[in-house]
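The block underneath contains the structure these notes are about, expressed in structure tokens.
In each ligand, atom 1 is the first atom listed, and ligand 1 is the first ligand listed.
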Amino acid sequence: MTTQVTLTQFIIEQQRSMPGASGDFTSLLNDIVTACKRISHMVNRGALIGVLGSAETENVQGETQKKLDIITNDIMVEALEWTGHLAGMASEEIDDPIDIPAQYPKGKYLALFDPLDGSSNIDVNLTVGTIFSILRAREGIAASVEDFLQKGTDQVCAGFVLYGPSTMMILTTGHGVNGFTLDQDVGEFILTHPDMRIPEKTNEFAINMSNRRFWEEPVRRYVDELMEGEDGPRGENFNMRWVASMVAEVYRILTRGGIFMYPFDTRDPSKPGKLRLMYEANPMGFIVEQAGGAASTGRERILDVKPEDIHQRVPVILGSKNEVEHVVSYHQDSE
Ligand code: AHM
Ligand code: MG
């Protein structure tokens, strides 16, 4: 029988290799894992426990919330607020940073999350996920908004959980990317995808084509060339996918390569892109880079963007390095 490595064991072993590590981080990650197992259970039970459908409320982004957006946010907050590892939290679903209640100690990390990414897919039973990013905080002090506004390069850890045919957690602490599958019978995440690497060569792209008329010229040029296939300048055919769950697209790219784009578009000048920097683009950008890929806004490396707002949006172009560089070069050509 082969020995199975659990996520907890994997993290503890990583921590042992870091002199001076206190165990706080391992413990924080375990709390996130517990929350995600709860979310997995809720998502899986779905209509049986009446959690599908709209909550008929709006979040800070002006998006109508699903019941599960609110439930999963509460699960994350309840699992993390009391632990003493965090000085604050930020969530896609809550306008302001979430304070740690006064009765609990303030820790040395900040957690930022999208509790249920791709939630438009929940009622049609497609893959959704939880995305999280961990930053350092000023230990022992309640975090201010400014404390959260750190670049993606400052992330201590980033991960996402996929609630699909299997529940999986994909994780980086800056030493490569590892994938774990939840063994529902024993309730443990098991290392199943060690050292994930994004294949450099790809013939697959993901973009919401219905927005084409709103894109800028460089993205239009790039996608049009892919669509021309072997008759066009690329001289080969490309295939397209769009799940409308970033977690599912990024997982596909980690396993078989590809490029994902939610680029700048002209629909609403106040929203330079749809995806949010701090709890979507940054953690995904960190993971993709750690797996040998690239992540850019088209004009700048995502991890180098200096955040001005917790809910700031950015254009996102990520995946196989050569293709991302191709799109970036078209942005440079147009400037
Ligand atoms: P959400 O966090 O509200 O679910 O929105 C983010 C999702 C991404 O997962 C996905 O890539 C994108 O929105 C899909 O958007 P669209 O419906 O415009 O194609
Ligand atoms: Mg999201």
Side-chain angles (χ1 to χ4, degrees), residues 36 39 42-43 51-73 75-76 89-95 111-133 152 158-164 168 170 204-215 219 223 240-254 258-268 271-288 295 297 302 310-319:
C36 292
I39 295 174
M42 285 273 176
V43 168
V51 293
L52 302 185
S54 170
E56 319 234 313
T57 49
E58 277 192 359
N59 67 10
V60 61
Q61 340 268 339
E63 297 157 343
T64 306
Q65 290 173 304
K66 300 277 183 189
K67 284 186 203 162
L68 269 172
D69 282 322
I70 298 171
I71 294 169
T72 55
N73 181 71
I75 290 175
M76 290 294 280
M89 289 177 268
S91 164
E92 176 174 319
E93 301 306 328
I94 307 287
D95 302 12
L112 300 91
F113 46 83
D114 176 356
L116 199 66
D117 182 57
S119 54
S120 72
N121 278 328
I122 191 72
D123 296 339
V124 290
N125 202 17
L126 289 180
T127 297
V128 290
T130 299
I131 310 174
F132 60 90
S133 165
F160 67 92
V161 177
L162 210 57
Y163 312 110
M168 292 194 68
I170 311 301
E204 207 160 58
F205 67 102
I207 192 163
N208 185 338
M209 286 296 292
S210 69
N211 296 327
R212 186 184 178 283
R213 68 189 184 284
F214 303 117
W215 300 338
V219 171
V223 173
M240 198 201 86
R241 287 284 182 275
W242 188 250
V243 188
S245 270
M246 193 195 198
V247 283
E249 324 275 6
V250 171
Y251 185 72
R252 187 185 59 247
I253 289 172
L254 285 167
I259 180 166
F260 165 91
M261 289 169 279
Y262 215 116
F264 176 87
D265 74 40
T266 54
R267 265 176 296 178
D268 178 348
K271 293 179 183 166
K274 175 177 182 185
L275 300 173
R276 277 63 43 130
L277 174 64
M278 307 234 41
Y279 40 79
E280 292 179 323
N282 269 343
M284 291 310 205
F286 189 21
I287 291 167
V288 165
T297 64
I302 283 176
I310 288 181
H311 299 290
Q312 175 174 343
R313 294 171 192 259
V314 282
V316 174
I317 298 164
L318 58 76

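Between the Mg ion (ligand 2) and the N, O or S atoms of Asp114, the shortest distance is to OD2.
Sorted by first and then second residue, the pairs that involve residues 272-288 and meet salt bridge (Lys or Arg N to Asp or Glu O under 4.0 Å), not counting sequence neighbours, are Glu63-Arg276, Glu92-Arg276, Arg276-Glu280.
Ligand 1 lies under 4.0 Å from heavy atoms of Glu63, Glu92, Asp114, Asp117, Gly118, Ser119, Asn208, Trp242, Ala244, Ser245, Met246, Phe260, Tyr262, Lys274, Leu275, Arg276, Glu280.
Angle OE2(Glu280) to the Mg ion (ligand 2) to OD1(Asp117), rounded to 10°: 110°.
Defined by atom type and a distance below 3.5 Å, a donor-acceptor pair is missing between the side-chain atoms of Asn282 and Ser133. For the residue pair Tyr279 and Asp117, no side-chain donor N or O sits within less than 3.5 Å of a side-chain acceptor on the partner.
Counting heavy atoms from C-beta on, the side chains of Tyr251 and Thr127 never come closer than 4.5 Å.
Checked against Pro315 for a side chain to side chain contact (heavy atoms under 4.5 Å, CB included), the options Thr297, Val219, Asp265, Leu275 give a single hit: Thr297. Under the side chain to side chain contact (heavy atoms under 4.5 Å, CB included) test applied with Phe160, the options Thr130, Ile170, Asp114 reduce to a single match, Ile170.
Counting non-hydrogen atoms of neighbouring residues, nucleotides and ligands closer than 6.0 angstrom, the CG atom of Asn208 exceeds 12 such neighbours.
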